[in-house]
Amino acid sequence: MGAADYVAIKDLAQYEGEVVEIRGWLYNRRSSGKIHFLLIRDGTGVVQAVAAANDVSTTAWEQLEQLTQESSLIIWGTVSRDERSPGGFEIHLQDVRVLQIADDYPLALKEHGVEFLLNTRHLWLRSPRQVALMRLRDRLMFELECFLRQDGFVRVDTPILTPNACEGTSTLFETDYFGETAYLTQSGQLYSEATAAALGKVYCFSPAFRAEKSKTRRHLIEFWMIEPEMAFYTYEDNLKLQEELMTQVVGNILEHCADELEEVGRDIKPLERVKAPFPRISYDEALEQLAREGLPLEWGDDLGAPHETAIADHFDRPVFVERFPAQTKAFYMEPDPNRPELVLAADLLAPEGYGEIIGGSERIHDYDLLRERIRQHELPESEFQWYLDLRRFGSVPHSGFGLGIERALTWVAGLDHVRESIPFPRLLNRIRP
RNA sequence: UCCACGGUAGCUCAAUGGCAGAGCGUCCGGCUGUUAACCGGAGGGUUGUAGGUUCGAGUCCUACCCGUGGAGCCA
């Protein structure tokens with residue numbers, strides 16, 4: 001029991017026949033003159049309360065008559081089982097205390113357009129579907145951290161404000177750092193390589209920012225990423241870890257969030273097939289396959305969204321695309337010893353066309369090679385001195401990966417756009433509310 | 001930045017170049033088992049903005065603004 005003596009709607013079944021107190025908001029009301037049916041939500045669920053004019057005081061009845069959608073209230077009544085009630089239980093109302101009569105609530109219980117819903121995101125979050133999504137998001141993050149901690153990882157956070165681009169590729173948000181230009185981070189990885197050399201197996205979990213003017217269903221300007229980094233892990237160790245992580249995390253979400261998945265209308269069969277090991281396809285094989293399917297690419301081109309979907313469609317579970325041309329990938333990735341023009345990197349593509357949810361690689365641990373790559377990419381060497389130091393003082397092979405929370409959730413929940421996967425999405429030209 | 005589509009009541013949408021409408025929400029009235037309740041009534045508009053064509057523009061033309069989907073980039 002919590003700090004106060006009231007009952008959560010999800011726990012009502014335990015109180016059949018008893019008088020309980022419920023605190024919440026009026027989700028909807030139906031009325032037949034001298035009997036009201038109130039649908040009350042409290043964040044844990046929705047319950048129907050029945051109020052008959054003959055059963056409550058005149059004062060209480062007058063208050064009930066004034067209730068508007070989303071008015072906040074406390075009710076007292078007896079819990080009973082009733083098949084006519086949504087959810088199977090209802091409350092026979094004895095008394096009510098209204099905290100606030102809500103103004104005209106803009107969100108009707110009806111379909112709305114995207115722009116209106118995003119403008120009203122602060123209220124949209126109250127709808128049952130959005131509540132289910134936020135619970136799924138919470139569970140996803142919880143399960144990811146659970147797995148890593150069980151496996152000996154330590155969470156070590158990395159800075160949001162950085163003096164330079166991590167990878168020197170995408171556009172970053174600039175800000176003023178007491179007269180010096182600073183940027184919002186696009187990844188904590190480079191710092192995690194430092195903390196991995198301090199603690200062994202670490203992860204950072206932080207927002208990341210991309211100032212790209214991306215305008216698709218897969219892109220957010222601000223998103224969350226969890227990035228494990230493991231000292232002594234080889235490329236193979238890294239992929240194996242990712243398989244085990246995804247298998248456990250998806251399995252536990254299926255076990256604990258069946259109601260939420262049903263609320264968002266997710267077909268769970270594809271999720272039930274998420275079992276290690278995952279199939280692998282090399283970049284070269286992928287290119288051959290794409291050419292046969294009428295999506296030809298030049299060797300060295302990066303895979304676009306349609307290519308990722310075409311590849312993933314051949315598999316019924318997540319698939320690794322691996323060993324990419326070095327030129328398409330970040331400067332810090334370890335070359336394939338058998339084919340130096342490739343790097344030991346793999347992207348994990350979700351099934352059903354959801355695209356890349358994990359990107360990982362073995363990192364270069366040789367000082368001279370890393371310095372050469374920094375020069376080739378025309379990155380400011382002075383800013384990377386500390387990063388090069390990691391290869392001067394006890395350098396070890398190490399690997400890691402980044403998992404985008406919103407993309408993973410979009411797939412797990414079967415959404416058609418990432419914007420519903422984060423409480424307050426930051427999109428191109430949208431920073432409010 | 002580029003390509004495509006769109007912008008009409010609080011919301012979702014109609015309206016051959018010819019009186020700007022419906023459903024839902026809101027307000028008023030009715031109803032003691034409702035299930036996005038139902039029935040009756042009322043209120044609600046600078047048709048994104050500015051200009052143009054026309055006897056007449058929500059509708060056609062031009063520019064701009066805003067939004068949506070996609071490309072590039074990526075998680």
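Lettering of chains follows the sequences in order, A, B, ..., and the numbering in each one begins at 1.
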### Message
Within the 4.0 Å heavy-atom criterion, would you say Asp347(A) contacts the bases, only the backbone, or no part of the nucleic acid?
### Response
nothing
### Query
Taking Ser85(A) for the side chain and Phe89(A) for the main chain, is one N or O donor matched with an acceptor at less than 3.5 Å?
yes
### Query
With sugar-phosphate meaning primed atoms plus P, OP1 and OP2, does His219(A) contact a base, only sugar-phosphate, or nothing at under 4.0 Å between heavy atoms?
base
### Query
Hey, does Phe116(A) reach any base, or is it just sugar-phosphate, or nothing, if we go heavy atoms under 4.0 Å?
sugar-phosphate
### Message
Of the options A75(B), G33(B), G70(B), whose atoms approach the side-chain atoms of Arg84(A) most closely?
### Response
G33(B)
### Task
Could you tell me whether Leu107(A) contacts a base, only the sugar-phosphate backbone, or nothing, with contacts defined as non-hydrogen atoms closer than 4.0 Å?
nothing
### Message
Over 60° means perpendicular and under 30° means parallel, so tell me whether Phe116(A) and His112(A) are parallel, tilted or perpendicular.
### Response
tilted
### Query
Hey, does the side-chain of Arg430(A) have a donor or acceptor N/O within less than 3.5 Å of a partner on the base of C66(B)?
no
### Message
Please report the distance separating the P of G10(B) from the corresponding atom of G44(B), rounded so that it comes out in whole Å.
### Response
11 Å
### Message
Of the listed nucleotides (G25(B), G33(B), C74(B)), which one gets closest to any side-chain atom of Ala108(A)?
### Response
G25(B)
### Task
Using a 4.0 Å heavy-atom cut-off across all strands, classify Gln48(A) as base, sugar-phosphate, or nothing.
base
### Query
Contact class for His417(A) vs. all strands (heavy atom < 4.0 Å): base, sugar-phosphate, or nothing?
sugar-phosphate
### Query
With rounding to whole Å, what would you report as the distance between U12(B) and G18(B) at their C1' atoms?
27 Å
### Message
At 4.0 Å (heavy atoms only), tell me whether Pro86(A) reaches a base, stays on the sugar-phosphate, or touches nothing.
### Response
base
### Query
Checking all strands, does Glu115(A) fall into the base, sugar-phosphate, or nothing category for heavy-atom contacts under 4.0 angstrom?
sugar-phosphate
### Task
Please work out if Glu83(A) contacts a base, only the sugar-phosphate, or nothing of the nucleic acid, heavy-atom cut-off 4.0 Å.
nothing
### Summary
Which of Lys201(A), Arg363(A), Gln189(A) passes side chain to side chain donor-acceptor pair (under 3.5 Å) with Glu229(A)? It is Arg363(A)
### Task
Establish whether the base of C74(B) is bridged to the side chain of Ser214(A) by a donor-acceptor pair shorter than 3.5 Å.
no
### Query
Do we see Phe37(A) stacking on the base of G33(B), given a limit of 5.5 Å between centres and 30° between planes?
no
### Task
Mind telling me whether Phe153(A) and Tyr233(A) have parallel, tilted or perpendicular rings, with 30° and 60° as the class edges?
perpendicular
### Message
When you measure only distances, ignoring hydrogens and angles, does the side chain of Lys110(A) come within 3.5 Å of the base of G23(B) through a donor and an acceptor?
### Response
yes
### Task
Might you work through the salt bridge (charged side-chain N to carboxylate O under 4.0 Å, His left out) test for Glu236(A) and Arg280(A), ending with a clear yes or no?
CA-CA 12 Å; Glu236(A) 282 297 325; Arg280(A) 300 183 189 185; 3.0 Å; yes
### Message
What is the distance, to the nearest angstrom, from the CD1 atom on Ile405(A) to the C1' atom on C74(B)?
### Response
16 Å
### Query
To the side chain of His112(A), which of U12(B), G23(B), C27(B) is closest?
U12(B)
### Query
Arg419(A) has an atom CZ; how far is it from atom P of U68(B), in whole Å?
7 Å
### Nearest-neighbour nucleotide for the Asn54(A) side chain, A75(B), U32(B), C73(B) considered
U32(B)
